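Before any comments, here is the structure.
Bear in mind the structure is a predicted one, so any value in this text is a computation, not a measurement.
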Amino acid sequence: MNHKIIIAIDGYSSTGKSTVARQLARELGYIYVDTGAMYRAVTLYAMNQGYIDENTFDKDALIQNLHLINIRFEVSAITGLAEVFLNDVNVEKEIRTLKVSRQVSPVAAISSVRRKLVEQQQLMGKNRGIVMDGRDIGTVVFPNAELKLFMTATSKDRAERRYKELIERGEDVTYEDVLKNVVNRDHIDSTRKDSPLRKAEDAIEIDNSNLTLVEQFEQILTIAKKAIAKEKK
């Protein structure tokens, strides 16, 4: 009997969802899926095609060409981590830039984009044993997930983490720009009409404003093990 569960991790941008989800999947021997990376890949495609920039967004053009977008994950032989491929090109580095971050929320708000990616995400979880993070995993993608977590932190703390991460990658950004992006994404993600960011009623909230990465992981791992043990009974 398959006692593996589905773990849905939702929350605000830059709360470390992907990091902890990846760690958790590795520890449990589960499959990890970064849904945010999928939306970032669609955004990168739209940017490369000239559909979206700082001033304009041709939604119709993107919608009409969604069928041309193929997204897959492939484990790197070097890092051992799943990396994102857009139409057979590794775009893992490109999708993590602030330039893409500035455009991803408007793209993710499009209903047809969400439908396309949600269908793919649900297929990925059909055999269970999966850790998936995003904005609507526990509310839309897997409303019946055995474990739902909702991660949050102050916008200031999240911006500081994101700023350090981008600087370490060699990006030329300012803290003020990163903070502005975090606040703007919060607003768009929380107020969009289709699948807005919200905490599922049965989700466990994790505020990591004052937690170290180790403390956060240990807390979440304990919660996950209890959920798995409950499923085995």
Side-chain angles (χ1 to χ4, degrees), residues 1-39 73 75-76 79-84 96 118 121-165 168 182 185-186 189-190 195-233:
M1 184 176 180
N2 182 6
H3 295 299
K4 290 186 175 181
I5 66 174
I6 291 176
I7 301 176
I9 303 180
D10 292 308
Y12 292 96
S13 65
S14 302
T15 48
K17 297 187 302 294
S18 298
T19 299
V20 75
R22 188 182 294 112
Q23 290 176 314
L24 192 58
R26 186 184 299 118
E27 180 71 22
L28 299 175
Y30 279 24
I31 294 170
Y32 164 62
V33 177
D34 177 0
T35 64
M38 299 173 74
Y39 287 99
F73 292 88
V75 177
S76 168
T79 66
L81 301 176
E83 298 184 336
V84 183
R96 306 295 177 182
V118 166
Q121 291 155 14
Q122 290 174 331
L123 285 174
M124 292 175 183
K126 65 179 181 179
N127 295 319
R128 315 179 78 72
I130 192 168
V131 181
M132 190 174 288
D133 74 280
R135 300 290 193 281
D136 62 351
I137 311 306
T139 55
V140 176
V141 183
F142 295 119
N144 296 317
E146 290 82 0
L147 176 59
K148 301 177 186 178
L149 302 173
F150 187 87
M151 297 179 65
T152 185
T154 67
S155 55
K156 178 177 178 293
D157 285 324
R158 289 184 284 132
E160 287 177 352
R161 294 172 192 164
R162 182 66 173 152
Y163 173 69
K164 290 177 182 177
E165 180 182 306
E168 288 174 358
V182 166
R185 289 184 66 186
D186 285 352
D189 293 344
S190 301
S195 306
L197 169 65
R198 62 182 178 84
K199 176 177 173 286
E201 291 184 2
D202 54 346
I204 298 172
E205 183 169 316
I206 305 291
D207 187 333
N208 61 19
S209 299
N210 299 306
L211 295 177
T212 66
L213 290 176
V214 173
E215 290 171 337
Q216 171 183 268
F217 178 66
E218 290 179 345
Q219 179 179 339
I220 290 176
L221 179 60
T222 298
I223 294 171
K225 286 183 175 179
K226 287 181 179 178
I228 293 171
K230 182 179 179 181
E231 183 67 15
K232 290 181 178 179
K233 292 181 179 180

- Message: Restricting to non-hydrogen atoms, name the atom on V182 and the atom on A159 that form the minimum distance, rounded to 0.1 Å.
- Response: CG2-CA, 4.1 Å
- Residue pair I5 / I7, side-chain heavy-atom distance below 4.5 Å: yes
- Shortest non-hydrogen contact from A224 toward L147: CA-CD2, 3.6 Å
- Non-hydrogen side-chain atoms of F217 and L211 separated by less than 4.5 Å: no
- E218 versus T222, closest heavy-atom pair with distance: O-OG1, 2.9 Å
- Item | Any Y30 side-chain heavy atom under 4.5 Å of L24 side chain | no
- Closest contact, heavy atoms only, D10 versus T139: OD2-N, 4.3 Å
- So do the side chains of T19 and Q216 get within less than 4.5 Å of each other, counting heavy atoms only? no
- Message: Checking the side chain of R158 only, and the main-chain atoms of S14 only, is there a donor and an acceptor separated by less than 3.5 Å?
- Response: no
- Item | Student check: side-chain heavy atoms of F150 and I206 closer than 4.5 Å | no
- Query: Side-chain contact, heavy-atom cut-off 4.5 Å: E165 with R161?
  - Reply: no
- Ion pair K156/E160, N-O distance below 4.0 Å: yes
- Item | Distance, nearest 0.5 Å, that separates OG1 of T212 from CD of Q219 | 10.5 Å
- Student check: side-chain heavy atoms of S76 and E83 closer than 4.5 Å: yes
- Query: Nearest heavy-atom pair of S18 and Y32: which atoms, and what distance?
  - Reply: CB-OH, 3.2 Å
- Message: Quick check: closest heavy atoms across G29 and K4, and the distance to 0.1 Å?
- Response: O-NZ, 3.8 Å
